[in-house]
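Remarks on the structure that follows.
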Amino acid sequence: MDIPSLRRFLAVADHGSLNEAARHLNITQPAVTRSIHILEQTLDATLFERSPAGIKLTVYGEELLPYARAILSDTQRAADAIAAIRGNLRGHVA
């Protein structure tokens with residue numbers, strides 16, 4: 001599990017679409033799909049149900065969601081703390 005994969009997972013969960021997530025992240029849809037697939041393989045769990053009507057989280061995806069949010073939030077806070085020590089504090093709204 002890596003930070004970019006978790007960012008992509010959250011984007012898909014938030015946007016409900018691989019294409020919208022890719023657009024939001026400014027990457028290609030195949031890159032998002034590949035990241036989700038690798039994350040699913042790593043966890044040995046299907047994170048999204050895909051259908052013609054769209055994409056939604058499975059029970060596994062629902063379980064991962066708050067952890068992914070916490071990890072990314074903590075990562076951002078850590079980066080902000082380091083920047084503050086350097087004297088380069090930048091604002092971040094969460």
Side-chain angles (χ1 to χ4, degrees):
M1 218 177 324
D2 58 67
I3 299 301
S5 292
L6 291 176
R7 278 195 184 103
R8 292 169 185 178
F9 165 77
L10 284 180
V12 174
D14 290 344
H15 292 277
S17 161
L18 293 165
N19 287 328
E20 288 301 315
R23 193 171 297 121
H24 173 76
L25 295 167
N26 199 30
I27 60 175
T28 66
Q29 181 269 324
V32 173
T33 300
R34 190 170 33 259
S35 286
I36 297 301
H37 181 70
I38 291 168
L39 190 56
E40 288 176 329
Q41 285 183 322
T42 300
L43 296 171
D44 192 25
T46 302
L47 301 173
F48 294 99
E49 290 179 12
R50 296 148 177 96
S51 74
I55 191 167
K56 70 177 201 169
L57 290 167
T58 64
V59 66
Y60 302 110
E62 290 284 350
E63 185 66 23
L64 177 61
L65 190 62
Y67 292 103
R69 289 195 195 286
I71 289 166
L72 292 177
S73 178
D74 285 349
T75 301
Q76 185 60 54
R77 282 198 307 270
D80 289 346
I82 297 299
I85 291 168
R86 288 188 179 137
N88 299 324
L89 184 61
R90 60 177 188 224
H92 179 75
V93 178

Q: Mind running salt bridge (Lys or Arg N to Asp or Glu O under 4.0 Å) on Arg7 and Asp14 for me, showing each step along the way?
A: CA-CA 10 Å; Arg7 278 195 184 103; Asp14 290 344; over 6 Å; no
Q: Step by step, work out the side chain to side chain donor-acceptor pair (under 3.5 Å) result for Glu20 and His24.
A: CA-CA 6 Å; Glu20 288 301 315; His24 173 76; over 6 Å; no
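If you chain together hydrophobic residues whose side chains sit under 4.5 Å apart, Ile38 and Leu43 never meet in one group.
Residues Arg77 and Ser73 bring a donor and an acceptor atom of their side chains to less than 3.5 Å of each other.
Side chains of Leu57 and Leu64 form no contact here, defined as non-hydrogen atoms less than 4.5 Å apart. Arg23 has its side chain out of reach of Leu18: every pair of non-hydrogen atoms, C-beta onward, lies at least 4.5 Å apart.
In this structure, the side chain of Glu40 engages the main chain of Leu47 through a donor-acceptor pair within 3.5 Å. Using modelled atom types, one side-chain atom of Thr58 and one backbone atom of Thr46 make a donor-acceptor pair closer than 3.5 Å. Listed for the Ser5 side chain is no donor-acceptor partner under 3.5 Å among the backbone atoms of Met1.
At a threshold of 4.0 Å, the pair Asp2-Arg8 does not count as salt-bridged, since none of the basic side-chain nitrogens sits closer than that to a carboxylate oxygen.
No more than 12 heavy atoms of other residues, nucleotides or ligands sit less than 6.0 Å from atom CG of Asp44.
For the residue pair Leu25 and Ala11, the shortest heavy atom distance occurs at CD1-CB, 3.7 Å.
Here Leu72 contributes atom CG and Phe9 contributes atom CZ; the two are 10.0 Å apart, rounded to the nearest 0.5 Å. Annotation: the span from Leu6 atom CG to Thr75 atom OG1 amounts to 8.5 Å, rounded to 0.5 Å. The distance from atom CD of Glu63 to atom CG of Leu65, rounded to the nearest 0.5 Å, is 10.0 Å.
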